[in-house]
Amino acid sequence: MSGNNVRLQAIKDVQAYVPPAPTYEANEAPGEIFGENVFSLAVMQKRLPKLVYKSILATIEHSKPLDPMVADSVASAMKDWAMEKGATHYSHVFYPLTGFTAEKHDSFFEPAGGGLSLAEFAGKTLAQGESDGSSFPSGGLRNTFEARGYTGWDPTSPAYVLDNPNGKTLCIPTVFVSMFGDALDHKTPLLRSQQSMAKHAERVLRLFGHENPDHVVSFCGAEQEYFLIDRHFFLARADLLNSGRTLFGAKPPKGQEFDDHYFGAIPERVLAFMMETERELFKLGIPAKTRHQEVAPGQFEIAPMFERANQAADHQQLLMTTFKRIANKHGMECLFHEKPFEGVNGSGKHVNFSLGNSTEGNLLLPGDTPHQNAQFLVFCAAVIRAVHKYGGLLRASVASASNDHRLGANEAPPAIISIFLGDQLSDVFDQIAKGGATSSKEKGTLMIGVDTLPVLPTDPGDRNRTSPFAFTGNRFEFRAPGSLQSVAGPMVTINTIMAEALDYIATDLEAAVAAGTEFNDAVQAILGEIITNHGAAVFGGNGYSDDWQIEAAQRGLPNLRTTVDALPELISDEAMELFQNYGVFSHREMHSRYEIGLEQYAQSIAVEAKSMLEIGTTSVLPAAVRYQTELALNIGALKAAGVEADAAPLGEVTGPIGELRAGLAVLKDALAAHAEDAYAEAKHANEVLLPAMAVVRTAADALEGIVADDLWPLPTYQEMLFIL
């Protein structure tokens, strides 16, 4: 079947779509299924001996060291619970540096002789598994012949049963490390950074008179943006199959310029997908809260509620897997690439960050009079110092080939990392810098002018969607992470730079008080020092403007536009010292993350370039030449018949065909070149492959607007974005 027929057949198949049968139970009460597939605290309380439950609860809720003696009891109860639900296998689930979830399934059943089998699951099996440490990205930590790696049970993230039409599997969240304890995953450094941040946050709380504060944890709420397209179109686009984004595609006549998609009515087919997805998420204890259409056609968003950062990171990976699975069931493909359609709004994963504990609550809650809330101001000042001092690391934490397409565009924050405080807090810190805060801007009311409508309260300040790190009332929203990435990476960086800032503040206050300074005076002094020395990162203007780039440079803020620019931040002396001092990464581990980042960047672009070369050579160019041939034959036939023929259309297609041929030749040569090391390879991808690909795309997209529609081989943006 020709490429032309594949495209037209895909359109017919979409039009013939039949929705799957609903899975919702008719008598099911809303909310009753929440967490039914989770080995939760409630389940453990019913099934574990009292002392074992109290021990595991202390570990989960208060971060107490895990008692190794509880593993056998937990394993036995976990196995019985999972098998009662129909599970036959278990899996240690971990999160390697591929960006995806990894799992190996083992059966509960072992031969017992006499043709019988026995279900076994011992504590040592729960606590530790083994996988091939050299078959996942390690950045040189593991050689090919050095295979051993270990998974280790993380009791702070609950086990769950994953449904499949043909059976069920018990899934156990784990860390993944080398046999020397090097982190090969996202979870290990997240837990390390959480522990370090908590240590210094609790020091600050003790200085404020909280003698025995509960363990402080970081919280995360990740807003997930994504695209949905019909799967027939997806399968007809080799670029989407290979790289997750369209490497060709002219802008459709209508895009998002009418602003008619954001919060628009959700299409029935998409709503059916959302409802089934949310039901599956509820069963897994994932608190999906908000769903809506996003700015672009075919783009949507889901926002779960806040959770502890470690559990939120696990749930985010599970959410993406669930979305993919349910979308396929509904005949669609879920795209998490940050920029799957050129010229169309891209997708992010906004990471909402806060920290707190069970005794003091949210430590980033300002109250009605933040100028009087010294404890809040200290934690807020820690964020200001952290963002200013380590803006380059924050940028590096979200660096990828796919996210480079989004950062700096008009729907995403710029690559310059700044912090937005809002009118109220900006005013308070301005007062502090001038000697002391004495007032806070109050909330107002909004009078709409319609008597039947209620008076609406307004916040004391507006929001800023162009800010990468913005205060939004009781948390900070890091808007730069990409849709495709794990939230664990950004959270590791946030936790670690907060640990440094809180350590700095606690050390300063402890020394000042020991020297006889009144505590309140010491607090005012450290707040003034931080806003004076680190206030350059505070910016409330338009982050998209060219003027901001000039001003940011004058303020000394780095503008790391690409992943190649950003990744060296990981191995700077300052970063190496930071992560080692706070027990998050050793120097070896930092170098490994740097090498992995470079390799993945170069490989991602190389895959795109190879895919573009193949599609351009075997699909786009032949279609254009066929059209050119038809035009030439028609013109020749008319001339032979003595009829005057317009040769202009032939010239219109001949020019772009020549440009396409030349561009493909340059791209082929660029792919044949190889660099000596990972950084040079990444730089080659950035400086040679991407420009060469841009030339090919420009020519191909021009041809899309010229070549006869029945000859064009690829589903168009108009079809993929609007036929659903």
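Since we're looking at a predicted model, the values are computed, not measured.
No side-chain N or O of H215 forms a donor-acceptor pair with one of Q195 less than 3.5 Å apart. Side-chain contact, Q524 with N520: no donor N or O sits under 3.5 Å from an acceptor N or O. Under 3.5 Å, the side chains of E510 and T507 contain no donor-acceptor pair of N or O atoms. Side-chain contact of D503 with Y582: a donor-acceptor pair under 3.5 Å is present, judged by distance alone. Side-chain contact, Q549 with R561: a donor N or O sits under 3.5 Å from an acceptor N or O. Checking S545 against D547 by side-chain atom types alone, no donor-acceptor pair falls below 3.5 Å. At a cut-off of 3.5 Å, with distance as the only test, no side-chain donor of H371 or Q431 sits close to an acceptor on the other residue.
Closest non-hydrogen pair, G482 versus Q485, comes out as N-OE1, 2.9 Å. In terms of heavy atoms, S138 sits closest to S592 at O-CB, 3.1 Å. Shown here for S467 and R479, the closest heavy-atom pair between the two residues is O-CD, 3.1 Å. Summarising the geometry of L567 relative to A396, their closest heavy-atom pair is CD2-O, 4.5 Å, with the distance given to 0.1 Å. Closest non-hydrogen pair, P173 versus D314, comes out as CB-OD2, 3.6 Å. Taking each heavy atom of G541 and N464 in turn, the nearest pair found is O-ND2, 2.8 Å.
Not a single donor-acceptor pair under 3.5 Å links the side chain of S55 to the backbone N or O of V52. Checked by atom type and distance alone, the side chain of S218 never pairs as donor or acceptor with a backbone atom of A309 at under 3.5 Å. For the pair E477 (side chain) and T472 (backbone), a donor-acceptor distance under 3.5 Å is absent. Panel note: side chain D214, backbone N357; no donor-acceptor pair is recorded below 3.5 Å. In this structure, E569 contributes its side chain and A566 its backbone to no donor-acceptor pair below 3.5 Å. Between the D565 side chain and the T562 main chain, a donor and an acceptor come within less than 3.5 Å of each other. Without hydrogens or angle criteria, K349 side chain to S483 main chain gives a donor-acceptor distance under 3.5 Å. Listed for the D404 side chain is a donor-acceptor partner under 3.5 Å among the backbone atoms of T563. In this structure, S193 contributes its side chain and L190 its backbone to a donor-acceptor pair below 3.5 Å. Remark: the backbone N or O of A58 is not paired with any side-chain donor or acceptor of E61 at under 3.5 angstrom.
Ring to ring, F476 and F469 are close: their centroids are under 6.0 angstrom apart. For F579 and H587, the ring centers are positioned 6.0 Å apart or more.
From D185, atom CG reaches atom OG1 of T174 across 7.5 Å, with rounding to the nearest 0.5 Å. To the nearest 0.5 Å, atom OG of residue S440 and atom CG of residue N373 are 9.5 Å apart. Y160 contributes atom OH, which lies 4.5 Å from atom SG of C171 (distance to the nearest 0.5 angstrom). Separating the CG atom in L502 from the CG atom in L509 is a distance of 10.5 Å, to the nearest 0.5 Å. The CG atom of L363 lies 15.5 Å from the CZ atom of R475; values are rounded to the nearest 0.5 Å. With values rounded to the nearest 0.5 angstrom, L484 atom CG is found 9.0 Å from N403 atom CG.
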request  = Give the C-alpha distance, both sets of side-chain angles, the deciding distance and a yes or no for side-chain hydrogen bond (donor to acceptor under 3.5 Å, both in side chains) between H210 and Q375.
outcome  = CA-CA 11 Å; H210 306 289; Q375 181 175 288; 2.8 Å; yes

ask   = What do the steps show when you test V378 against L207 for side chain to side chain contact (heavy atoms under 4.5 Å, CB included), and what is the final call?
value = CA-CA 11 Å; V378 163; L207 285 163; over 6 Å; no

ask   = Does the pair K389 and E574 meet the rule for a salt bridge (charged side-chain N to carboxylate O under 4.0 Å, His left out), with working shown?
value = CA-CA 10 Å; K389 197 167 187 310; E574 186 179 41; 3.4 Å; yes

Stepwise side chain to side chain contact (heavy atoms under 4.5 Å, CB included) test for I494 and F478 = CA-CA 9 Å; I494 292 171; F478 188 26; 4.1 Å; yes

request  = Applying side chain to side chain contact (heavy atoms under 4.5 Å, CB included), run through V383 and I497 and close with a yes or a no.
outcome  = CA-CA 8 Å; V383 178; I497 63 179; over 6 Å; no

request  = Could you walk me through whether W548 and R555 pass side chain to side chain contact (heavy atoms under 4.5 Å, CB included), step by step?
outcome  = CA-CA 10 Å; W548 168 232; R555 294 187 183 199; 3.9 Å; yes

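Annotation: M179, atom CE; neighbour count of heavy atoms from other residues, nucleotides and ligands within 6.0 Å is above 12. Counting non-hydrogen atoms of neighbouring residues, nucleotides and ligands closer than 6.0 angstrom, the CD atom of E577 reaches no more than 12 such neighbours.
With contacts defined as side-chain heavy-atom distances shorter than 4.5 Å, the pair H315/P304 does not qualify. Side-chain contact between T59 and D67 is absent, with no heavy-atom pair separated by less than 4.5 Å. Inter-residue side-chain proximity for L281 and L318 is flagged as unmet; no heavy-atom pair is nearer than 4.5 Å. Contact check for E360 versus P213: side-chain heavy atoms found under the 4.5 Å cut-off. The shortest distance between side-chain heavy atoms of F376 and L365 does not fall below 4.5 Å. Side-chain contact check for E500 versus R385: some heavy-atom pair is nearer than 4.5 Å. Contact check for I419 versus F471: no side-chain heavy atoms found under the 4.5 Å cut-off. Contact of the V175 side chain with the T151 side chain is not registered, since no non-hydrogen atoms from C-beta on lie closer than 4.5 Å.
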What side-chain donor-acceptor pairs closer than 3.5 Å can you find for residues 43-50, not counting sequence neighbours?
{"residue": "R47", "atom": "NH1", "partner": "E84", "partner atom": "OE2", "Å": "3.4"}
{"residue": "R47", "atom": "NH2", "partner": "E84", "partner atom": "OE1", "Å": "2.5"}

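The side-chain tip of R593 does not point at the ring of F585 from less than 6.0 angstrom away and within 45° of straight on.
Evaluation of the side chain to side chain donor-acceptor pair (under 3.5 Å) rule for D154 yields T156, K187, N310 as partners, not counting sequence neighbours.
For the ring-ring contact (aromatic ring centres under 6.0 Å, His included) with F176, the qualifying choice from Y95, W153, F136 is F136, the only one to do so.
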